[in-house]
Amino acid sequence: MNLLEIRNLHVSVEDRPVLQGIDLAVPAGEMHVIMGPNGSGKSTLVQTLAGSEAYTVREGQVLFAGEDLLALKTEERAQRGLFLAFQYPVEIPGLGNALFLRTIVNAIRKTRGLPEWDALDFLSRSRSALEQMDMKPELLERSVNQGFSGGEKKRNEILQMRLLEPRLALLDETDSGLDIDALRTVARGIESMRDSQRSFLLVTHYQRMLDHLRPDRIHVLIQGRIVQSGDADLARMLEKRGYDWLLREQRA
Amino acid sequence: MSTGSQNLESLIQRNYTAGFVTDIEQETFPPGLDEAMIQRLSAIKEEPGFMRDWRLAAFRGWQRMKEPHWSIARYDPIDYQGFSYYASPKSRPAAGALEDIDPKLLETYEKLGIPLHERAALAGVAVDAVFDSVSVATTFRETLARAGVVFCPISEAIRDYPELVRAYLGSVVPPGDNFFAALNSAVFTDGSFVYIPKGVRCPLELSTYFRINAAKTGQFERTLIIADEGASVSYLEGCTAPMRDENQLHAAVVELVALKDAEIRYATVQNWYPGNERGEGGIYNFVTKRGECRGDRSHISWVQVETGSAITWKYPSCVLRGNDSVGEFYSIAVARNYQQADTGTKMIHLGRRTRSTILSKGISAGHGHNAYRGLVRMGPAAQTARNYTQCDSLLIGSDARADTFPVIEVENASAHAEHEATTSKISADQLFYCRQRGLTEEEATGLIVNGFCRDVLLKLPLEFAVEAQKLLSVTLEGAVG
């Protein structure tokens, strides 16, 4: 069964068309990857799915677990289990990371009819998640993302994903700006979340994180359209040959 | 009326939950301000001659003064003759007789979350309830009396403890201190009086709940708190008013006196009606609050959460006269819709090794305008005195405004003053980030604001911190977008 189904999606930014007819289906339990040159619309796609108001849907339909995703507010999408790991996580000065994490976890748990975590539940669960993500405990005491290094911000995103346990995780260039060790930690954090129900949609430029993951499907996005789909071998070929040959095929 | 505007109405109603009117028969003076009215007020209150003369002298001084307009607040001239200066429920019982009190009054305070029956009251808190111009009830008086603590309406104190009142009233804020203090000295109607004897730690939290009910009435309360040597007390005041289209005037004076080794903690949760989303109506809140650390090692601390009023003009201050005395000011001020808040503090260091801390959090939303105005003065004798000031502003939306006007005067080379300030804004990106994590826009705003105010909320007594947190989120509901 498809957890996510995108049909003929057209999206523009300030009247400039970016996505021009996307069709994409992600079955439950699968990991799909979107690759493509800069400016092809990869971030636009995941930001639109998450409900960013910077993007306007012109045409098309998106079903999430059979429900009309585009009719839902941003927070309702999150409450239904859609999570976006941001490419540039925002800083919130003055708001402690621990308070933030506990509040969002309980907001989501409440909508799912699960008991809320008290301070002790939160402490024990966040500690083990922190350890797995190789993060310093004092990152909980600081303001959300403030003064975090690039790598710490990306890990903080995956930490949130682990605590929120989404049904669909959109990961927007989570691998960019990570050193080799951090890349492995983050990939491990993602891999350990995989199960038969949870789906992933990754946006990336590089093969290197995919070496640690086992994606089911690779899609190449060029100029707002998916021009090619294939298995993991396609990513390796792109790494070697770049996108030019696909662009040429496009024109031909 | 269209559905749209009805929704808006209901939103505003929800935002200000204290906006109801109590339908009760009242004795009210006709509008107008002159010496005859003051004589009559003094007579109704059965005041001794010295008090009447004090009022009249203050009134004559006030007539020669000009309404100050140096604050950020912009408003039409106030017609002082247009207000009534006295409004009292007719069925007023003998002071303290709770069982005789008009049920409508009990119900009013019940609705505001302030049960006056001692059985139902907040544990460990004694309440003085002031309704328009008079105190209608004071709880737990006997428990307090056993500890030797005096906690009563100030009009009663003027009759029963004239020597204390005479010695201390106006000793921190003299009648001629400023325009609004002079007006208050002339026409003040009620308020609380607290005296904590030597060495006594007050067994209960004391609190006064001010309610403006009558229309076109000014409320002029006067509070005087004296902590004798080695005494300590924690005091809280709360304020609300019905929603009315015209502006109402509230000009209070609060004086605190801390003698040697005494400690006074004074907290305010001010939620006067702020006016509607078009800037109509609301309370003009012109308040003079000042404490004097008169004795060595004394300590005065102000905590305020200011969410209401159309205009706030208020600078709770500390005069640090005693050596090693300590002054503190912790403030959260919210200005939304068309609210204007000009608030801050003065820390006047006179004694040696005096210390002060100022922590101010200003939040501006909608067309709100918030200003921090502060003075730190190190006098010539203030050897090694220290001040630390942190002043933070948070802007919500693109029409809100924040200003800071800090002044530091140092006349002693060994004194030390530090000032830090930040301004930040709740951005669309921050809101999107929080909403992507499952929070509504309101929840996200509340969370960010509470994070911003956390240091100050921690300074409030626990049960009031919870109230203040709720009040902040209700106040800022719909402030974004």
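Basis for what follows: all heavy atoms, side chains included, without hydrogens, waters or symmetry-related copies. Note that the structure is predicted; figures quoted are calculated from it, not measured. To find a chain, count down the sequence lines: A is the first, B the second, and so on, and within it residues start at 1.
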Item checked: A:Glu91 and A:Lys153 ion-paired at < 4.0 Å -> yes

Checklist line | Minimum side-chain heavy-atom gap A:Arg188-A:Gln132 below 4.5 Å | finding: no

Checklist line | Side chain, backbone, both or neither of A:Ile108 within contact of chain B (heavy atoms, under 4.5 Å) | finding: side chain

Next item on the list: Report the option among A:Glu75, A:Lys73, A:Glu53, A:Arg80 that has the most heavy-atom pairs separated by less than 4.5 Å from atoms of chain B.
Entry: A:Glu75

Notebook entry, point to check: So what's closer than 4.5 Å to chain B heavy atoms on A:Glu76: side chain, backbone, both or neither?
Noted result: neither

Item checked: Between A:Lys110, A:Arg77, A:Glu157, the one whose heavy-atom pairs under 4.5 Å with chain B are most numerous -> A:Glu157

Next item on the list: Check whether A:Leu164 gets within reach of chain B through its side chain, its backbone, both or neither, counting any heavy atom under 4.5 Å.
Entry: side chain

Margin query: Classify the ring geometry of A:Trp117 against A:Phe122: parallel below 30°, tilted from 30° to 60°, perpendicular beyond 60°.
Written below: tilted

Note to self: Less than 4.5 Å apart, side chain to side chain, heavy atoms only: is that true for B:Gln304 and B:Gln270?
What the structure shows: no

Note to self: What part of A:Pro166 gets within 4.5 angstrom of chain B, counting heavy atoms only: side chain, backbone, both, or neither?
What the structure shows: neither

Notebook entry, point to check: Tell me, do A:Leu82 and A:Leu4 make a side-chain contact under 4.5 Å, heavy atoms counted?
Noted result: no

Note to self: Can a donor-acceptor pair be found, under 3.5 Å and without considering hydrogens, that links the side chain of B:Thr343 to the backbone of B:Ala341?
What the structure shows: no

Checklist line | Selection from A:Val144, A:Thr111, A:Leu95 maximising heavy-atom pairs under 4.5 Å formed with chain B | finding: A:Leu95

Next item on the list: Could you tell me which portion of A:Asn145 (side chain, backbone, both or neither) has an atom closer than 4.5 angstrom to a non-hydrogen atom of chain B?
Entry: side chain

Notebook entry, point to check: Tell me, side chain or backbone of B:Arg437 under 4.5 Å from chain A's heavy atoms, or both, or neither?
Noted result: both

Notebook entry, point to check: Between B:Tyr433 and A:Phe100, how do the two ring planes meet: parallel, tilted or perpendicular, split at 30° and 60°?
Noted result: parallel

Next item on the list: Under 4.5 Å, counting heavy-atom pairs only, tell me which of A:Gly96, A:Pro93, A:Ser52 racks up the most with chain B.
Entry: A:Ser52

